[in-house]
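All figures in this text were calculated on a predicted structure; none of them were measured in a lab. Side chains are part of it too, since the values below use all heavy atoms of this structure and drop only hydrogens, waters and symmetry mates.
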Amino acid sequence: MPPRPRPPNNHNQQRPLPSNHYPEPKQSTTPGYRIKAGVILTRAPLLTREETPFESAFYLYQKRLNERLVAPFRRQFYYKQDTAADLDFRIKLRERHGVPAKDIGRYNPRSRMAWNDEVLVGSNTGSPEVTMEKLLADAEVRVSEDGEPIAPEERVPVERPVPRRTEADEKNDVKRLDRAMDRTLYLVVRRGEGENAVWEFPAGAVPTDETLHETAPRVLAESAGVNMNTWIVGRVPVAHHVVKPVLGEDGTSVVSRGEKVFFLKGRIMAGQADLAGNKHGLTDFQWLTQEELKQVLTFEYYHSVRNMMELR
């Protein structure tokens, strides 16, 4: 028998949909956010941080170990015999108990006790302050050009290094950049006066014809002036802060719009902030360390940006 014809499959055929099949789009009841771009402007550390006691002891150990391993110091190779420089070196060598190195303390790398090259806990032999004083004392000229010893009161004092703490540190002047030289400083500005004053990073609204990395330097110039040589590090935000909108009692009316602030990182190489004639109602500025920022920024604001902070 011939095969029976199969009925047509109508499952894959598109059926006409009613005109009201798709629901009408609903208007969002969530209030919009104002998009802002800000700059976290930083001054990088200008000095290395102070050594810890462990680091000072380790550096001293390395110096003593180096003295044990290197070839003996040959005075005749560096100084002509019986010259003023040779006499000066011999005087200082006797003061160091025959040790050529200037900053390893009373330690003889050629003696039978050379293995004992570590200092005891609490010793200040390797501290930077003691080392600096030893080097300064050794730098004084003890013998005149005629080969005669110079009396202590007639010796020319050696110029001392500039102290790590500056005048701005002593006065706690938070507007100057020459303070906390071994720390990162952050520029914060104050918006408003009195009880309504708020400390924050420079930020401003992003217009529709600008991007974040275009708005950020413009807002910085409008806020802190153009007398700064700055550099915006990249085009990607390093932090963001969200301010939720404030709704009315009915839950729909917007009392205050929300904000989403995206921060870009910047560096200052020269210059200083100047708020004169700024366009954002700013009344004051400060250069603060990370610990000082916690005291002036709100908890939520600091919590939003803390992860981009430097380690020091």
*What is the minimum heavy-atom distance between V158 and L136, and which atoms define it?*
CG2-O, 3.8 Å
_Within the 6.0 Å centroid threshold, strictly below: Y78 and F73_ = yes
*Just how far is it from atom CG of L135 to atom CG of D103, taken to the nearest 0.5 Å?*
5.5 Å
_We want to know whether R190 and T283 form a side-chain donor-acceptor pair, criterion being a heavy-atom distance below 3.5 angstrom._
yes
*Determine whether more than 12 heavy atoms belonging to other residues, nucleotides or ligands lie under 6.0 Å from atom CD of E145.*
no
_A quick test of your reading: do over 12 heavy atoms of other residues, nucleotides or ligands sit less than 6.0 Å from NZ of K175?_
yes
_How long is the straight-line distance from CG of D178 back to CG of D169, given to the nearest 0.5 Å?_
7.5 Å
*Ignoring hydrogens and angles, tell me if any N or O in the side chain of T215 forms a donor-acceptor pair with the backbone of L212 under 3.5 Å.*
no
_Grouping I, L, V, M, F, W and Y whenever their side-chain heavy atoms are under 4.5 Å apart, do Y61 and L69 come out in a common cluster?_
yes
_Donor-acceptor contact present, side-chain S56 to main-chain N124, <3.5 Å_ = no
*For atom CD of E153, decide whether the heavy atoms of other residues, nucleotides or ligands shown that lie under 6.0 angstrom number more than 12.*
yes
*Is the shortest side-chain N to carboxylate O distance from D82 to R90 below 4.0 Å?*
yes
*asked:* Do P45 and R183 make a side-chain contact, defined as non-hydrogen atoms from C-beta onward lying under 4.5 Å apart?
replied: no
*asked:* If you apply the rule side-chain contact (heavy atoms from CB on, under 4.5 Å), what do you find for I40 with M308, and how did you get there?
replied: CA-CA 9 Å; I40 302 180; M308 67 77 49; 3.6 Å; yes
*Do R257 side-chain atoms and P245 backbone N/O form a donor-acceptor pair below 3.5 Å?*
no
*Nearest-0.5 Å distance, CD1 of residue I232 to CG of residue L220*: 6.0 Å
*Would a distance-only check, ignoring hydrogens and angles, find a side-chain to backbone donor-acceptor pair under 3.5 Å from E55 to T52?*
yes
*Give, for atom CG of L293 and atom CD of Q286, the distance between the pair rounded to the nearest 0.5 Å.*
9.5 Å
*Using modelled atom types only, decide if a donor and an acceptor are shared between the side chain of N278 and the backbone of L275 within a distance under 3.5 Å.*
yes
*Judged by atom type as modelled, is there a donor-acceptor pair below 3.5 Å linking the side chain of D182 to the main-chain atoms of L46?*
no
*Salt-bridge test for R218 and E214: reply yes if a basic N is under 4.0 Å from a carboxylate O, no otherwise.*
no
*Point-to-point distance, once rounded to the nearest 0.5 Å, from CG of L177 to OG1 of T166*: 10.5 Å
*Kindly indicate, with the supporting measurements, whether the criterion side-chain contact (heavy atoms from CB on, under 4.5 Å) is fulfilled by R142 and R155.*
CA-CA 7 Å; R142 311 291 180 84; R155 297 172 186 170; 3.5 Å; yes
*asked:* Taking ring-ring contact (aromatic ring centres under 6.0 Å, His included) as the definition, give me every residue that meets it alongside Y59, ordered by chain and number, with sequence neighbours left out.
replied: none
*Taking 4.0 angstrom as the limit, do E259 and K244 come out as a salt bridge?*
no
*Does any non-hydrogen side-chain atom of R34 lie less than 4.5 Å from one of K260?*
no
_More than 12 heavy atoms of other groups within 6.0 Å of N196 CG_ = no
_Nearest-0.5 Å distance, CG of residue L60 to OG of residue S127_ = 9.5 Å
*Could you please spell out the steps behind the side-chain contact (heavy atoms from CB on, under 4.5 Å) verdict for K171 and R179?*
CA-CA 10 Å; K171 296 182 179 180; R179 61 179 291 266; over 6 Å; no
*Verify, without hydrogens or angle tests, whether D274 (side chain) and A276 (backbone) share a donor-acceptor contact under 3.5 angstrom.*
yes
_Derivation and outcome, side-chain contact (heavy atoms from CB on, under 4.5 Å), residues Y301 and V188_ = CA-CA 12 Å; Y301 196 93; V188 289; over 6 Å; no
*Mark yes or no for whether D88, through its side chain, and A84, through its backbone, hold a donor-acceptor pair below 3.5 Å.*
no
*Side chain of R306, backbone of H303: donor and acceptor closer than 3.5 Å?*
yes
*Classify the angle between the aromatic ring planes of F58 and F54 as parallel (below 30°), tilted (30 to 60°) or perpendicular (above 60°).*
parallel
_Atom of E140, atom of V156 and distance for their closest heavy-atom approach_ = CG-O, 4.3 Å
*If you group Ile, Leu, Val, Met, Phe, Trp and Tyr by side-chain heavy-atom gaps below 4.5 Å, do V206 and Y33 land in one group?*
no
*Is a salt bridge present between D138 and R96, judged by a nitrogen-to-oxygen distance below 4.0 Å?*
yes
*Decide whether V305 and V261 are clustered together by the hydrophobic rule: side chain heavy atoms of Ile, Leu, Val, Met, Phe, Trp, Tyr closer than 4.5 Å, transitively.*
yes
*So, Q295 versus W199: side-chain donor-acceptor pair below 3.5 Å or not?*
no
*Salt-bridged, E67 to K63, with N to O below 4.0 Å?*
no
_Atom CD of Q76: over 12 foreign heavy atoms under 6.0 Å_ = yes
*Set of residues satisfying side-chain contact (heavy atoms from CB on, under 4.5 Å) with respect to P149, sequence neighbours excluded*: none
*Just grab all the salt bridge (charged side-chain N to carboxylate O under 4.0 Å, His left out) pairs involving residues 107-123, residues at least two apart or on different chains.*
R68-D117
*Specify whether F263 and F201 have parallel, tilted or perpendicular ring planes, treating 30° as the upper limit for parallel and 60° as the lower limit for perpendicular.*
perpendicular
_I'd like to know if the side chain of E292 reaches the main chain of T289, judged simply by a donor and an acceptor atom lying under 3.5 Å from each other, with no hydrogens or angles considered._
yes
*Heavy-atom check, side chain of I91 versus side chain of V143, under 4.5 Å*: yes
*Is the number of heavy atoms from other residues, nucleotides or ligands within 6.0 Å of CD (E291) greater than 12?*
yes
*asked:* The test is salt bridge (charged side-chain N to carboxylate O under 4.0 Å, His left out); show your working for R267 and E310 and say whether it passes.
replied: CA-CA 13 Å; R267 288 287 197 190; E310 306 288 347; 3.6 Å; yes
*Show your working on salt bridge (charged side-chain N to carboxylate O under 4.0 Å, His left out) between K134 and E95 and close with a plain yes or no.*
CA-CA 11 Å; K134 291 180 180 178; E95 294 178 355; over 6 Å; no
